[in-house]
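First the structure, in the form of structure tokens, and then the observations on it.
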Amino acid sequence: MSGLKVYNSYTRQKELFEPITKGHVGMYVCGPTVSGESHLGHARPFITFDVVFRYLMHLGYKVRYVRNITDAGHFEEEGREAEDKISKKAVLEKLEPMELVQKYTNLFHWAMHEFNNLEPTIEPTATGHIVEQIEMIKKIISAGYAYEVNGSVYFDVRKYADNYPYGKLSGRVLDDLQSASSRSEIGRELDGQDEKHNREDFALWKQAAPEHIMRWVSPWGIGFPGWHIECSAMSSKYLGEQFDIHGGGMDLMFPHHESEIAQSSICHGGHEPARYWLHNNMITINGKKMGKSYGNQIMLTHLFSGQHPLLQQAYSPMTIRFFILQTHYRSTLDFSNEALQASEKGLKRMWEAYQNLNKILSDNAGIAEGGSDETLVAKVMRLSSELDEFMMDDLNTAKVLANMFELVPVINSLKDGHIKLNDIGLRTLTELQTKFHTYLESVFGLKGESEKEDGKLGGVLQLLAEIRKDARSKKDYATSDKIRNQLQQLGIDMKDEKDGGVSISFS
RNA sequence: GGUCCUGUGGCCGAGUGGCUAGGCAGAGCUCUGCAAAAGCUCCUACACCAGUUCGAAUCUGGUCGGGACCUCCA
């Protein structure tokens, strides 16, 4: 076995993954800011890293997966009017800040559940770790890398850059940053700017204006933490000063993750907090990043319900999950109805093949152990074992699914008898089923969607199937077609199988 | 302006210097009372121009286009 390779944004190359502690992995992923509803773009990192989490466990690692909830409300525009997202929204919605945070946290958890994401092992909140953040800021000040001005504390980026590789993760050069922010059309005139020694400095703690609702007592007066410090405080608290994987969206690389590295390096003896930095790419819509600054987001609730001008129909959580997994996580993924519909149909085909495979194996009496068709066996074994190789190579879920789609016709042919079960043999068949189960369910976290049939409905459908069968045997096709057509309008597909049986599925 | 990414067949998307990924859509055939599903077959692309090479969609340079970050952002 060659071992898992991942693309490390920090070194810009694929590297063999070796955890710090054998058999254990610590992974931190930047979680949601719960000041509003999640949109499709937000779904990508949480699904991507859920698959990473699942895959690492599949490989036998014991994983501590920490994903925070940002509920402290960092600046919408740093330093500007001391106004934060949560406070502002709370005023608008006439809610207590914590009421608002609770509302969107619940909604977020609901969406994660719909996506069949496993819960992280620890889900800390920023408001629950104010003390840790203050302690960290104190440490940075005493190390001489931060300074206080009027009750606010700023990180001294220039001093840090003199002694540490600032900008390594995001590929930034300090002087370029300066010239960029001095350009009027890009750099904004920020209010806090005159407090900072240099423009590139960032806030660790901000003094709270009187009208600011979220506020805590600190050594520097009443205020609230800067955005970046929470992740540094919580990741080190639960994963240690250095841990294995830090994940998040590419758009967080700068300034968020760069700042995290700076803060943590100062507090923790100069080394970077994480060994492997993994970043997922963006979801785009008409080629443009989906995000609040573009006003082009589609909320998850709208996606699931289909209530949005851009949506031709509703898309299920599993369709979206499948859609995301059909692309490599480091590529952009363009949203369109056509693409989603393609995923919906592809998933349906894949899932039905998987169920056919399970059915074949559950009644495997009399299948020879070894397959008689060596070419077939070799093909299936090759496609199956490549699944592992593709995942090992920087989690290429797209290639895994492509191979599985190549196996679908084999499975369906076995089911329809185009290929004899003895041609493939029980051994290969079992291997195939194991692989499908592993990847589809355990690693990719997919599940069947419409198994909502209860006992009574099942009985009724059975009855209808029998009536229809009688009608057909009498060539009373008017009746048999009526049953099938009416059921179809209710979203129930009744299909005649080759063996004379009937299959019923919900669409 | 800086840094970086990217341009693949109708759509979405993998990808390696030589061996036509895959999904969806479309066409034909088989099966079927008819459907649906399924199976088989077809549709052979890689922005443009040079260069390197026996050979490039894949490497290099240039041109044009798209995008990300530099500001909250998954």
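A, B, ... follow the sequence lines: proteins, then strands. Residue 1 opens every chain.
- With B:G23, B:C70, B:A38 as the choices, the nucleotide that has an atom nearest any side-chain atom of A:Ala342 turns out to be B:G23.
- Comparing the C1' positions of B:U8 and B:C43 gives an interatomic distance of 16 Å, to the nearest angstrom.
- The separation of B:A36 from B:A27, taken at their P atoms, amounts to 12 Å, rounded to a whole angstrom.
- Note on ring orientation: taking the six-membered ring where Trp is involved, the planes of A:Phe304 and A:Phe115 are perpendicular (angle over 60°, cut-offs 30° and 60°).
- Minimum atom distance to the side chain of A:Asp416 is reached by B:A38, of the listed B:A38, B:G22, B:A36.
- A donor atom on one side chain and an acceptor atom on the other are found under 3.5 Å apart for A:Gln313 and A:Gln341.
- At the heavy-atom level, A:Met282 lies under 4.0 Å from base atoms of the strands shown.
- When the nucleotides B:C70, B:A35, B:G33 are ranked by their closest atom to the side chain of A:Lys495, B:A35 comes out on top.
- Contact check of residues 294-304 of chain A against RNA chain B (heavy atom, cut-off under 4.0 Å) returns A:Tyr294.
- Checking B:C69, B:G15, B:G39 against the side-chain heavy atoms of A:Lys399 singles out B:G15 as nearest.
- The base of B:G13 is not paired with the side chain of A:Asp334 by any donor and acceptor separated by under 3.5 Å.
- Only the C1' atoms considered, B:C5 is 42 Å distant from B:G39, to the nearest whole Å.
- For B:C24, its base never sits under 3.5 Å from the side chain of A:Asn337 at any donor and acceptor pair.
- Side-chain N/O atoms of A:Asn280 include none lying less than 4.0 angstrom from OP1 or OP2 on B:A74.
- Judged by atom type and distance alone, A:Arg484 reaches the base of B:A35 through a side-chain donor-acceptor pair under 3.5 Å.
- Under 4.0 angstrom from either OP1 or OP2 of B:G15 there lies at least one side-chain N or O belonging to A:Asn396.
- As judged by a 4.0 angstrom heavy-atom cut-off over every strand, A:Ser293 is placed among the base-contacting residues.
- For the OP1/OP2 pair of B:C69 and a distance below 4.0 Å, the side-chain nitrogens and oxygens of A:Lys289 include at least one atom meeting the criterion.
- Across all strands, A:Gly287 comes closer than 4.0 Å only to sugar-phosphate atoms, never to a base (heavy-atom distances).
- For B:U71 and B:G62, the C1' atoms lie 34 Å apart once the distance is rounded to whole Å.
- Residue A:His42 is classed as a base contact, given a heavy-atom separation below 4.0 Å to a base.
- The nucleotide whose nearest atom lies closest to any side-chain atom of A:Pro255 is, among B:A74, B:C70, B:C40, B:C70.
- Remark: RNA chain B forms stems of 3 or more consecutive Watson-Crick or G-U wobble pairs, all pair distances under 3.5 Å, at B:1-7 with B:64-70, B:10-12 with B:22-24, B:26-30 with B:38-42, B:47-51 with B:59-63.
- Residue-to-nucleotide proximity on RNA chain B shows that, of A:Ser413 and A:Glu338, the 5′-proximal contact is made by A:Glu338.
- A stacking contact links A:Tyr477 to B:G33: the aromatic ring centre lies within less than 5.5 Å of the base's six-membered ring centre, and the planes differ by less than 30°.
- The side chain of A:Pro409 lies closest to B:C40, out of B:C40, B:A74, B:A21.
- With A:Phe202 as the fixed residue, the ring-ring contact (aromatic ring centres under 6.0 Å, His included) test singles out one of A:Phe155, A:Tyr166, A:Tyr160, A:Tyr154: A:Phe155.
- In this structure, CD of A:Glu258 is placed 13 Å from P of B:U71, rounded to the nearest angstrom.
- Atoms CG and SG, on A:Asp251 and A:Cys30 in that order, are 10.0 Å from each other to the nearest 0.5 Å.
- Using modelled atom types, one finds no donor on one side chain facing an acceptor on the other under 3.5 Å when comparing A:Thr332 with A:Asp334.
- Base engagement by A:Asp481 is indicated by at least one non-hydrogen atom pair under 4.0 Å involving a base atom.
- Taking every side-chain heavy atom of A:Ala398 into account, B:A14 is the closest of B:G39, B:A14, B:G22.
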Can A:Phe108 and A:Phe46 be said to form a ring pair (Phe, Tyr, Trp, His ring centres under 6.0 Å), step by step?
CA-CA 11 Å; A:Phe108 172 74; A:Phe46 304 129; 5.2 Å; yes
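- Across all strands shown, A:Met404 has no heavy atoms under 4.0 Å from either base or sugar-phosphate atoms.
- Using cut-offs of 30° and 60° for the angle between ring planes, the A:His228 and A:His256 rings count as tilted.
- Spacing of C1' atoms, B:C11 relative to B:G26, comes out at 12 Å, to the nearest Å.
- Distance noted for atom C1' between B:A25 and B:U58: 28 Å (whole Å).
- The side chain of A:His328 sits closest to B:A14 out of B:A74, B:A14, B:G33.
- Among the nucleotides B:G33, B:C12, B:A74, the one closest to any side-chain atom of A:Arg468 is B:G33.
- In this structure, A:His228 places its NE2 atom 15 Å from C1' of B:A74, rounding to the nearest Å.
- We find that CD of A:Glu497 is positioned 14 Å from P of B:A36, with the value rounded to whole Å.
- Looking at A:Arg321 and A:Asn117, their side chains do bring a donor and an acceptor atom within 3.5 Å of each other.
- In this structure, A:Thr397 and A:Met391 have side chains that are in contact, with non-hydrogen atoms separated by less than 4.5 Å.
- Going from the C1' atom of B:G65 to that of B:C48 covers 10 Å, rounded to whole Å.
- A:Ser331 has a side-chain polar atom (N or O) that falls below the 4.0 Å cut-off from OP1 or OP2 of B:A14.
- Residue A:Lys415 has no polar side-chain atom (N or O) positioned under 4.0 Å from OP1 or OP2 of B:G39.
- Taking CG from A:Asp393 and OH from A:Tyr7, the interatomic distance works out to 13.5 Å, rounded to the nearest 0.5 Å.
- Across all strands shown, A:Leu347 has no heavy atoms under 4.0 Å from either base or sugar-phosphate atoms.
- In this structure, A:Gln488 reaches neither bases nor backbone, as no heavy-atom distance under 4.0 Å exists between it and the strands shown.
- A cation-pi geometry, defined here as NZ or CZ lying under 6.0 Å from the six-membered ring centre and within 45° of its normal, holds between A:Arg172 and A:Phe254.
- The side chain of A:Lys288 lies closest to B:A68, out of B:G39, B:A68, B:C70.
- If A:Asp251 and A:Ser343 are placed on RNA chain B by their nearest nucleotide, the residue sitting closer to the 5' end is A:Ser343.
- Heavy atoms of A:Gln326 sit under 4.0 angstrom from primed sugar atoms or phosphate atoms, though from no base atom.
- Using P as the reference atom, B:C19 and B:G13 are 24 Å apart when rounded to the nearest Å.
- In this pair, A:Phe405 and A:Phe322 present their aromatic rings perpendicular. The plane angle is above 60°, beyond the 30 to 60° band.
- Here A:Arg349 reaches the OP1 or OP2 of B:C24: one of its side-chain N or O atoms lies under 4.0 Å away.
- Side-chain contact check for A:Tyr315 and A:Asn337: at least one donor-acceptor pair (N or O, by modelled atom type) lies under 3.5 Å.
- Taking 4.0 angstrom as the limit, A:Lys345 places none of its side-chain polar atoms (N or O) nearer than this to OP1 or OP2 of B:C24.
- Residue A:Ser503 is tested with A:Lys495, A:Glu497, A:Glu352 for a side-chain hydrogen bond (donor to acceptor under 3.5 Å, both in side chains); the sole match is A:Glu497.
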